[in-house]
Amino acid sequence: MTLDETDKKILRLLQEDAHLTLKDIAKQINLSLTPVHDRVKRLQQEGIIEKYVTILNKKKLGQNLTVYCQVTLIKQTHDTSEGFNQSILNLPEVVECNFVSGSFDYMLKIVVPDMESYHQFHQQKLSVLSGVSLIHSFFVMSEVKSTTVLPI
């Protein structure tokens, strides 16, 4: 699907504020309501707009520690990776999991209340997963930039 400049404007607006009404969007991009509705619907049907979410403040919810983990598996086989993938889906502390190239297999982003909570998570949930060989943890001292906005 090819996006024109109007589609891109709509996507930029929705990335900044998903609560904008179609009327608000129409007003900001100087289009009538019907074409804006049709475009948003098409963007949703094409899968460009996947879903609408609310972004929460981690610190205000007591989730004060963000940890990145490099995870290396015992073997790089399909079965080992699939088993790990399925296990990670059941760990709410893991907010991102990416299979990567390089000297390790996965990069995880983990959010927990504090160091003690991370220690328990590491010992009782992550390190005991089948196929895990090595875990390197990196603790975020200060978050410089965090955004969900994609450059369009």
Full working for side-chain hydrogen bond (donor to acceptor under 3.5 Å, both in side chains) between Gln44 and Tyr52: CA-CA 10 Å; Gln44 291 170 338; Tyr52 297 89; 2.9 Å; yes
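- In this structure, Arg39 contributes its side chain and Thr6 its backbone to no donor-acceptor pair below 3.5 Å.
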task: Under the salt bridge (Lys or Arg N to Asp or Glu O under 4.0 Å) rule, what do Arg12 and Glu5 come out as? Steps first, then yes or no, please.
output: CA-CA 10 Å; Arg12 285 185 201 110; Glu5 194 53 40; 3.1 Å; yes
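- Between Lys145 and Thr147, the shortest heavy-atom contact is CE-CG2, 3.8 Å.
- Under the 3.5 Å distance criterion, the side-chain polar atoms of Thr72 are left unmatched by any main-chain donor or acceptor of Ser133.
- Summarising the geometry of Lys23 relative to Leu33, their closest heavy-atom pair is N-CD1, 3.5 Å, with the distance given to 0.1 Å.
- Of the inter-residue distances, the one linking Glu116 atom CD with Leu65 atom CG reads 12.0 Å to the nearest 0.5 angstrom.
- Rounding to the nearest 0.5 angstrom, the gap separating the CD1 atom in Ile49 from the NZ atom in Lys41 is 13.0 Å.
- Taking the six-membered ring for Trp and the full ring otherwise, the centers of Phe139 and Tyr68 sit at least 6.0 Å from each other.
- Counting all heavy atoms, side chain and backbone alike, Thr80 lies closest to Gly131 at CG2-CA, 4.0 Å.
- Heavy-atom minimum distance, Ser127 versus Ile135: CA-CD1, 3.8 Å.
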message: I'd like to know whether His122 forms a side chain to side chain contact (heavy atoms under 4.5 Å, CB included) with Ser137, so could you lay out the CA-CA distance, the side-chain angles of the two residues, the decisive distance to 0.1 Å, and finally the verdict.
response: CA-CA 9 Å; His122 182 283; Ser137 302; 4.2 Å; yes
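- Heavy-atom neighbours of Gln123 CD from other residues, nucleotides or ligands within 6.0 Å: above the threshold of 12.
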Which donor-acceptor pairs under 3.5 Å do side chains of residues 87-110 form with protein atoms, sequence neighbours excluded?
unit_1, atom_1, unit_2, atom_2, d
Ser87, OG, Gly83, O, 3.0
Asn90, ND2, Gln86, O, 3.3
Glu93, OE2, Lys125, NZ, 2.7
Asp105, OD1, Gln76, NE2, 3.3
Asp105, OD2, Leu73, N, 2.7
Asp105, OD2, Gln76, NE2, 2.9
Tyr106, OH, Ser81, O, 3.4
Tyr106, OH, Asn85, OD1, 2.6

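- Of all the heavy atoms in Arg42 and Asp7, the pair that sits closest is NH2-OD1, 2.9 Å.
- Residues forming a side-chain contact (heavy atoms from CB on, under 4.5 Å) with Leu20 (at least two apart in sequence, or on another chain): Leu13, Asp17, Asp24, Ile25, Gln28.
- One finds the CD1 atom of Ile152 at 4.5 Å from the CG atom of Leu11 (value rounded to the nearest 0.5 Å).
- Residues Val71 and Ile74 fall into different hydrophobic clusters, defined by Ile, Leu, Val, Met, Phe, Trp and Tyr side chains chained together at heavy-atom separations under 4.5 Å.
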query: Going through the checks in order, is the side chain to side chain contact (heavy atoms under 4.5 Å, CB included) test met by Ser130 and Phe84?
result: CA-CA 7 Å; Ser130 177; Phe84 182 81; over 6 Å; no
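- Both Met115 and Val67 are members of a single hydrophobic cluster when ILVMFWY side chains are connected at heavy-atom separations under 4.5 Å.
- Within the model, atoms CG of Leu22 and CG of Leu31 stand 11.5 Å from one another, a figure rounded to the nearest 0.5 Å.
- Between atom NZ of residue Lys27 and atom OG1 of residue Thr21 there is a gap of 8.0 Å, rounded to the nearest 0.5 Å.
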message: Between Thr148 and Val53, is the side chain to side chain contact (heavy atoms under 4.5 Å, CB included) condition met? List the steps.
response: CA-CA 10 Å; Thr148 60; Val53 299; over 6 Å; no
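- Proximity of a side-chain donor or acceptor of Glu46 to a complementary backbone N or O of Met1 within less than 3.5 Å is not detected.
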